[in-house]
Amino acid sequence: MSSFLSWVKHVRTALNPPGSPEVTSPLRFGILGTAKICRIALVSPASNHPETVVYAIASRDEQRAKEHAEKWGIGKSYGGPHGYQSLIDDPNVDVVYVPLPNGLHFEWTMKALSAGKHVLVEKPICDTADEARQMFELAERKGVVLMEGFHYRFHPAIQRAKAILDSGELGPIKNLSASMSLPKGMNKTGDNRNNFTLGGGATMDIGCYAIGCIRHLASSEPTAVLSATSTRHAKPTPDEELIDVCTRATLSFPNDVTGTIYADLEKPGWGPFGLIPSMADGGVIVKCERGELNLNNFFMPFFYHSITVRVEDVNGKIKERVEKAYTFGDGRKEEESWTTFRHQLDAYVDKVKGRTPKTWIYKEDSIGNITWIENVYEKTGLGSRPKSEYTFL
Ligand SMILES: NC(=O)C1=CN([C@@H]2O[C@H](COP(=O)(O)OP(=O)(O)OC[C@H]3O[C@@H](n4cnc5c(N)ncnc54)[C@H](OP(=O)(O)O)[C@@H]3O)[C@@H](O)[C@H]2O)C=CC1
Ligand SMILES: O=C1OC[C@@H](O)[C@H](O)[C@H]1O
C-alpha cells in the first residue's frame, strides 16, 4: 500500500465491496441469529460473490429478525421461538450459517445437517471434540458440506508465510509463538465470551486462532500441553466462574519443537499507569534453525500485514526482507481488497458446487483444534466447556 490514502481506500473497499450481479442459480444462505459478525463474515462477501445470495435470517425475536433483514438487505426473515427451525426447514435455504454462541453450535449445526442443509459454522466448531466428530459424521451421512469458518486460513498472507516455512529456506522450525488479544475495555460482563454455559473463555474465543495457527504452520499436531495458566475475573459472576480472561500455554510438537499461545480478552494498556490502550493483536513468530519469520497480522491480514523474514546467509550474516501477500496471483479471480471472509466464501461455494476449492478446513483439522483447546483447558484446571444438552437421536 503506497500511501495512507490508498490504504484507507483499500480498507473501505474491503469492508464495502462492490455488488455483483447474481448468476441464475445462486447458493441461498440462511443465517441463524443476528450476530454482529454476520455483516463482515457473510453479508458483504456474499453481495460481492456472483453465485451467492443471503436469502433469509432468523432471530429468537421477531422484530429483531425483521430489522436485521432490512438492515442487511435480506429478503426473508423468521422470528420467535421457532424462527431458527423454520429457517432450517425452508426448502429455499441451501446453506445454513451458524454464528451463534459457541455452546449452541452443536445443537443448531446438527439440526441443520439433519434437514440436509450444508453448514458453515463459526469458530470454534463447538465445545468438545466428541461433538465435533458427531457433526462431521452426520454431514457425511447426509452428503452435505460442513466447514468451520477459520477465515484467516483462506488469505494469501498465511499461505505465503507457510510456503516460506515449508520451502526450507529458514531450516527446521524450533519454536512458534502466536498471540491473539483484544484491548482491555472491550470485554463486557454479559457477553457470550464470559458465559461458561455458552462456551465462553479466551481460549475458546481467540485462543482457538492461536492454537490453530501454530498447528497449521508446524504442519503437525502437538504432542502435549507442557504448561498452561489462566487469569480469571477478579470478581466473577456465576457465569464467569470458569472463564479464562487470559491464557498462556506452551505445547510440544514432534522433533523438539515448541509452540506458545497467548490469548487475552483484556490486554492491559501501556505507558504511564497503562493509560494508553493496547492494539488488538493477531501475530505469529516462527523461529527456525537459520532464521525467523514474523507475520504481524495473520488474523485479519486484509487490513494490513507484513511478513518479515530474517535469514542467515552462508557467511552467518542476517539478511532481512519484508513481504506482503494480498493476492495469490495464480490466475484465479480475486481482488487485493478481498477479506479473509471473501476468500473463504469462494472456497465454500466451490466445494458445494463440486469444484475443487483452493483451500479447505478439513474435519481432522477442526477436530484436532478443539481437542487441543480442551487439552489446554484441562491443563489450566478450568476444564472443557460443557457438552451441549441437546441430544441428537
Ligand atoms: N470469524 C470471526 O471473526 C468472528 C467469529 N465470531 C464467532 O461467532 C459466534 C457468535 O459470536 P458472538 O460475538 O457471541 O455473537 P453476538 O453476541 O454478536 O451474537 C450472537 C447471536 O446469537 C443469537 N443467540 C441465540 N441464543 C443466544 C443466547 N442464548 N445468548 C446470546 N445470543 C444468542 C442472538 O441472535 P438472536 O437473539 O437475534 O436470535 C445473537 O445475536 C461465536 O462462535 C464467535 O466465536 C465472533 C466474532 C468474530
Ligand atoms: O473471532 C473473533 O474475532 C474477533 C474478536 O473480536 C472476537 O472476540 C472473536 O470472536
Side-chain angles (χ1 to χ4, degrees), residues 30-42 44-45 56-69 71-72 74 77-87 97-109 111 120-127 147-155 180-183 185-188 190-213 239 245 263-267 279-282 297-303 339-345 361 366 369-370 373 385 388-390:
I31 302 177
L32 297 185
T34 53
K36 295 176 274 304
I37 191 64
C38 291
R39 188 176 174 277
I40 187 173
L42 182 66
S44 288
I57 185 162
S59 169
R60 293 173 298 173
D61 178 85
E62 189 122 25
Q63 188 56 26
R64 199 155 56 242
K66 285 195 180 124
E67 280 166 15
H68 281 78
K71 181 163 91 173
W72 290 333
I74 301 171
S77 67
Y78 290 102
H82 305 295
Y84 290 4
Q85 191 60 49
S86 303
L87 181 144
Y97 172 51
V98 183
L100 297 172
N102 306 330
L104 300 176
H105 288 185
F106 175 72
E107 172 177 351
W108 289 101
T109 298
K111 286 178 174 169
L120 173 61
V121 57
E122 266 304 337
K123 41 55 63 179
I125 185 151
C126 57
D127 285 8
M147 193 186 77
E148 179 184 24
F150 265 123
H151 54 102
Y152 75 95
R153 290 271 298 278
F154 296 82
H155 196 272
M180 280 291 302
S181 62
L182 301 173
M186 280 180 73
N187 188 35
K188 308 281 187 219
D191 190 284
N192 303 329
R193 288 157 191 74
N194 290 315
N195 187 317
F196 179 70
T197 315
L198 290 178
T203 307
M204 284 293 274
D205 185 49
I206 48 181
C208 67
Y209 287 104
I211 292 173
C213 183
D239 286 340
V245 173
D264 197 344
L265 294 172
E266 299 187 3
K267 188 175 183 182
M279 296 266 288
D281 183 21
N297 185 8
F298 74 83
F299 166 58
M300 294 254 178
F302 54 90
F303 283 130
T339 62
T340 47
F341 301 102
R342 179 62 180 82
H343 283 286
Q344 170 178 269
L345 186 64
I361 308 294
S366 293
N369 216 50
I370 189 64
I373 291 172
R385 310 299 87 175
S388 170
E389 284 176 5
Y390 173 72

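No experiment lies behind these values; they were computed from the predicted model shown. Both ligands and their constituent atoms are indexed starting at 1 by order of listing.
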Original post:
For ligand 2, which atoms have a heavy atom of Y209 less than 4.0 angstrom away?
Top reply: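 Heavy-atom distances to Y209 below 4.0 Å select 1 (O), 2 (C), 3 (O).
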
Subject >> Per-atom contacts, ligand 2 versus K123 - under 4.0 Å to a heavy atom >> reply: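 This gives 1 (O), 2 (C), 9 (C), 10 (O) as the contact atoms.
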
What's the separation between atom [atom1] in [X] and atom [atom2] in [Y], rounded to the nearest 0.5 Å?
| X | Y | atom1 | atom2 | result |
| --- | --- | --- | --- | --- |
| I125 | M147 | CD1 | CE | 9.5 Å |
| D61 | T34 | CG | OG1 | 8.5 Å |
| E67 | R64 | CD | CZ | 8.5 Å |

Quick one: does [X]'s side chain have a donor or acceptor within less than 3.5 Å of a partner on [Y]'s backbone?
| X | Y | value |
| --- | --- | --- |
| N369 | C208 | yes |
| R60 | G33 | no |
| H105 | P124 | yes |
| N194 | K188 | yes |

For [atom], the protein heavy atom that lies nearest, with its residue and separation:
| atom | value |
| --- | --- |
| atom 28 (C) of ligand 1 | R60 NH1, 3.2 Å |
| atom 8 (O) of ligand 1 | E122 CG, 3.4 Å |
| atom 10 (C) of ligand 1 | P99 O, 3.1 Å |
| atom 37 (O) of ligand 1 | R64 NH2, 2.6 Å |
| atom 43 (O) of ligand 1 | N102 OD1, 2.6 Å |
| atom 35 (O) of ligand 1 | T34 N, 3.2 Å |
| atom 3 (O) of ligand 2 | F299 CZ, 3.2 Å |
| atom 23 (C) of ligand 1 | Y84 OH, 3.4 Å |
| atom 13 (O) of ligand 1 | R193 NH2, 2.8 Å |
| atom 10 (O) of ligand 2 | D205 OD1, 2.5 Å |

Exercise: identify the closest heavy-atom pair between [X] and [Y]:
| X | Y | result |
| --- | --- | --- |
| S181 | I206 | CA-CD1, 4.1 Å |
| C38 | Y97 | SG-CE2, 4.1 Å |
| P99 | A35 | O-CB, 3.3 Å |
| S77 | A65 | CB-O, 3.7 Å |
| V98 | T109 | CG2-OG1, 4.0 Å |
| N195 | T197 | OD1-N, 3.0 Å |

Only heavy atoms of [X], strictly under 4.0 Å: list the atoms of ligand 1 that pass.
| X | answer |
| --- | --- |
| H105 | 43 (O) |
| F341 | 1 (N), 3 (O) |
| H151 | 1 (N), 2 (C), 3 (O) |
| L104 | 25 (C), 26 (N), 27 (C) |

Original post:
With a 4.5 Å heavy-atom cut-off, do H151 and M300 have their side chains touching?
Top reply: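 In short, these two side chains touch, coming nearer than 4.5 Å.
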
Original post:
Which of these, D205, N187, N102, sits in a side chain to side chain donor-acceptor pair (under 3.5 Å) with R193?
Top reply: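 Of the listed residues D205, N187, N102, the side chain to side chain donor-acceptor pair (under 3.5 Å) partner of R193 is D205.
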
**OP:** Verify the ring-centre separation between Y84 and Y78: is it less than 6.0 angstrom?
**Re:**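 Not close enough - the centres of the two rings lie 6.0 Å or further apart.
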
Original post:
Heavy-atom contacts under 4.0 Å between K36 and ligand 1: side chain, backbone, both, or neither?
Top reply: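 The answer is both, backbone and side chain.
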
Original post:
If you measure from each non-hydrogen atom of I37 to ligand 1, which part falls under 4.0 Å: side chain, backbone, both or neither?
Top reply: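 Answer for I37: side chain.
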
Original post:
Measuring from the heavy atoms of R193, does anything fall under 4.0 Å of ligand 2?
Top reply: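 Checking ligand 2 against R193, which is what was asked, there is a heavy-atom contact under 4.0 Å.
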
Original post:
Is L100 close to ligand 1, meaning an N/O of one under 3.5 Å from an N/O of the other?
Top reply: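 For ligand 1, there is an N or O atom that lies under 3.5 Å from one belonging to L100.
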
Applying a strict 4.0 Å limit to heavy atoms, is [X] in contact with ligand 1?
| X | result |
| --- | --- |
| Y78 | no |
| H68 | no |
| A41 | no |
| M204 | no |

The one among [options] that brings a heavy atom closest to [atom]:
| atom | options | result |
| --- | --- | --- |
| atom 17 (O) of ligand 1 | N192, T339, I40, L198 | N192 |
| atom 22 (O) of ligand 1 | G33, C208, A35, P101 | P101 |
| atom 3 (O) of ligand 1 | F150, W108, F299, Y209 | Y209 |

**OP:** Ignoring hydrogens and angles, state whether a donor on the side chain of Y152 or Q344 is under 3.5 Å from an acceptor on the partner side chain.
**Re:**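 Distance-only check fails for Y152 and Q344.
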
Subject >> Under-4.0 Å heavy-atom contact with ligand 2, by part of L182 that carries it >> reply: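 For L182, only side-chain atoms sit under 4.0 Å from ligand 2.
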
Original post:
Backbone, side chain, both or neither: what part of M186 comes under 4.0 angstrom of ligand 2, heavy atoms only?
Top reply: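 Neither part.
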
